[in-house]
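The structure under discussion appears below in the form of structure tokens.
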Amino acid sequence: MNRCIVICGTSRGIGKEILSELTKDTQLQLIALSRNVSEISEIYHENKQVTVIPFDLSLPIENQLIEYFKDIKEVHGLINNAGYLELGPVETLSIEAYHRCMQTNFFGPIALIKWLHPKLFAGKAHVVNISTMGAYQGSVKFPGLSAYTASKAAITNFTEVFAEEQKDTGIRMNCLCLGAVNTAMLSEAFPGFIAPISAEEMGKYIANFTLHGDRFYNGKILAVSSSTP
Ligand SMILES: NC(=O)c1ccc[n+]([C@@H]2O[C@H](COP(=O)([O-])OP(=O)(O)OC[C@H]3O[C@@H](n4cnc5c(N)ncnc54)[C@H](OP(=O)(O)O)[C@@H]3O)[C@@H](O)[C@H]2O)c1
């Protein structure tokens with residue numbers, strides 16, 4: 001049976017490249033989730049291994065996914081790559097902005113993990129949470145990113161507890177804390193800043209880590225950065 005990998009946040013940036021890299025293994029069944037689906041639906045409309053599903057982490061999960069997952073019994077990989085960033089100092093950033101970051105970067109992924117849990121269990125899945133170096137303890141911090149970084153720190157810390165709870169189930173979970181990568185998110189937050197890593201390079205790394213990293217890591221928070229101290 002083909003291995004099934006679910007990737008959340010595939011419409012652009014790193015997630016789009018993760019999906020592209022995973023399609024090189026034609027034995028994989030790939031489920032691509034994001035709100036904007038027109039471009040990737042067009043790219044993959046003739047590729048039967050990719051199912052593109054319109055999906056919003058701020059909406060209830062079941063209604064959006066149940067129909068697509070009715071014949072999928074096992075999920076072997078889940079990449080929580082979707083991310084949302086709001087920039088501003090604590091004094092002016094609204095409490096709603098903190099909620100929006102928490103929803104996309106923490107509550108939404110948790111709801112997805114919980115909903116998929118029986119299938120993750122059946123597939124002895126590797127779950128990979130994509131976080132940021134800002135959420136890595138002791139790393140350099142960037143002013144204006146308190147909502148984003150704190151919400152990413154939540155999923156980062158969740159990783160350790162989940163892996164401990166699930167260690168006898170066969171589900172493995174790791175968290176990759178990324179340094180800067182050249183994507184729209186980075187250029188929108190820091191116009192003019194050029195990162196040393198492309199989305200394509202990082203997408204390849206994350207795809208490979210998802211397929212093979214659970215042999216070596218479980219419950220680990222890993223810094224993936226050649227630039228951020
Ligand atoms: N780029 C960097 O320098 C950097 C550094 C550290 C960590 N990261 C992390 O790496 C991941 C990918 O970042 P990126 O730079 O590729 O970001 P990006 O270009 O902004 O892409 C983010 C992806 O998340 C999806 N997304 C956002 N809100 C969503 C929602 N409510 N429901 C479902 N999907 C949603 C977006 O799709 P739709 O808008 O179509 O839904 C998009 O596909 C993020 O978790 C980010 O925090 C990035």
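Counting convention: from 1, in listed order, for ligands and their atoms alike. Values below: all heavy atoms of this structure, side chains included; hydrogens, waters and symmetry mates excluded.
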Give the residue and atom name of whichever protein heavy atom lies nearest to atom 17 (O) of ligand 1, and the separation in Å to one decimal.
-> Met185 CB, 3.5 Å
Any side-chain donor near an acceptor of the partner, Thr159 and Asn129, under 3.5 Å = yes
Sub-3.5 Å donor-acceptor pair from the side chain of Thr92 to the main-chain atoms of Gly88, do we have one?
-> no
Taking the non-hydrogen atoms of Lys152, is any one of them nearer than 4.0 angstrom to ligand 1?
-> yes
Closest approach of any protein heavy atom to atom 31 (N) of ligand 1, naming residue and atom | Asp56 OD1, 3.0 Å
Phe55 heavy atom under 4.0 Å from ligand 1 | yes
Give a yes or no on whether the ring-centroid distance for Phe107 and His99 is below 6.0 angstrom.
-> no
Side chain or backbone of Cys177 under 4.0 Å from ligand 1, or both, or neither, by non-hydrogen atoms?
-> neither
Just which atoms of ligand 1 are under 4.0 Å from any heavy atom in Gly13?
-> 16 (O), 19 (O)
Distance from Glu62 atom CD to Phe69 atom CZ, nearest 0.5 Å?
-> 12.0 Å
Among non-hydrogen protein atoms, atom 26 (N) of ligand 1 lies closest to Ala82 CB, 3.7 Å
Determine whether any heavy atom of Gly108 lies closer than 4.0 Å to an atom of ligand 1.
-> no
So is there a nitrogen or oxygen of Leu186 less than 3.5 Å from a nitrogen or oxygen in ligand 1?
-> no
Could an N or O of ligand 1 be found under 3.5 Å from any N or O of Tyr84, whether backbone or side chain?
-> no
Among protein heavy atoms, which sits nearest to atom 46 (C) of ligand 1, and what does the distance come to when rounded to 0.1 Å?
-> Tyr148 OH, 3.5 Å
Which protein non-hydrogen atom lies closest to atom 42 (C) of ligand 1, naming both residue and atom, and how far is it?
-> Ser11 OG, 3.5 Å
Test item: side-chain donor near acceptor, Glu46 and Tyr44, under 3.5 Å = no
Is the OH atom of Tyr98 crowded by more than 12 outside heavy atoms at less than 6.0 Å?
-> yes
Got more than 12 heavy atoms from elsewhere within 6.0 Å of CZ, Phe162?
-> yes
Value for CG (Leu78) from CD1 (Ile5), rounded to nearest 0.5 Å, stands at 9.5 Å
Options Val224, Val181, Leu33, ranked by nearest heavy atom to atom 3 (O) of ligand 1, top entry | Val181
With a 4.0 Å cut-off on heavy atoms, is Ala199 touching ligand 1?
-> no
Numbered atoms and elements of ligand 1 in range of Ile130, under 4.0 angstrom, heavy atoms = 9 (C), 10 (O), 11 (C), 45 (O)
re atom 6 (C) of ligand 1, the protein heavy-atom contact at minimum distance is Leu178 O, 3.2 Å
May I ask whether Gly179 has any heavy atom positioned less than 4.0 angstrom from an atom of ligand 1?
-> yes
Side chain or backbone of Asn182 under 4.0 Å from ligand 1, or both, or neither, by non-hydrogen atoms?
-> neither
Side chain of Lys152, backbone of Tyr136: donor and acceptor closer than 3.5 Å?
-> no
Using a strict 4.0 Å threshold on nitrogen-to-oxygen distance, state whether Glu96 and Arg100 make a salt bridge.
-> no
Is the Phe209 ring parallel, tilted or perpendicular to the His126 ring (thresholds 30°, 60°)?
-> tilted
Backbone N or O of Arg172 within a donor-acceptor pair of the Asn218 side chain at under 3.5 Å?
-> no
Protein contact to atom 22 (C) of ligand 1 [nearest heavy atom, distance to 0.1 Å] = Gly83 O, 4.0 Å
Nearest protein heavy atom with distance in Å, relative to atom 28 (N) of ligand 1 = Arg35 NH2, 3.1 Å
Would one find an N or O of Arg12, backbone or side chain, under 3.5 Å from an N or O of ligand 1?
-> yes
Please state which part of Asn81 comes within less than 4.0 Å of ligand 1, counting heavy atoms only: side chain, backbone, both or neither.
-> both
Any N/O pair Ala180/ligand 1 closer than 3.5 Å = no
Mind checking whether Leu57 has an N or O less than 3.5 Å away from an N or O of ligand 1?
-> yes
Which part of Thr183 is near ligand 1, with near meaning a heavy atom under 4.0 Å away: side chain, backbone, both or neither?
-> side chain
Taking atom types as modelled, is there a side-chain donor on Glu17 or Ser20 under 3.5 Å from an acceptor on the other?
-> no
Audit row: Ile31, Cys4, side chain to side chain contact (heavy atoms under 4.5 Å, CB included) steps and yes/no = CA-CA 7 Å; Ile31 312 286; Cys4 175; 3.9 Å; yes
Leu186 vs Val181 side-chain heavy atoms within contact, under 4.5 Å = no
Is the shortest N/O to N/O distance between Ser131 and ligand 1 below 3.5 Å?
-> no
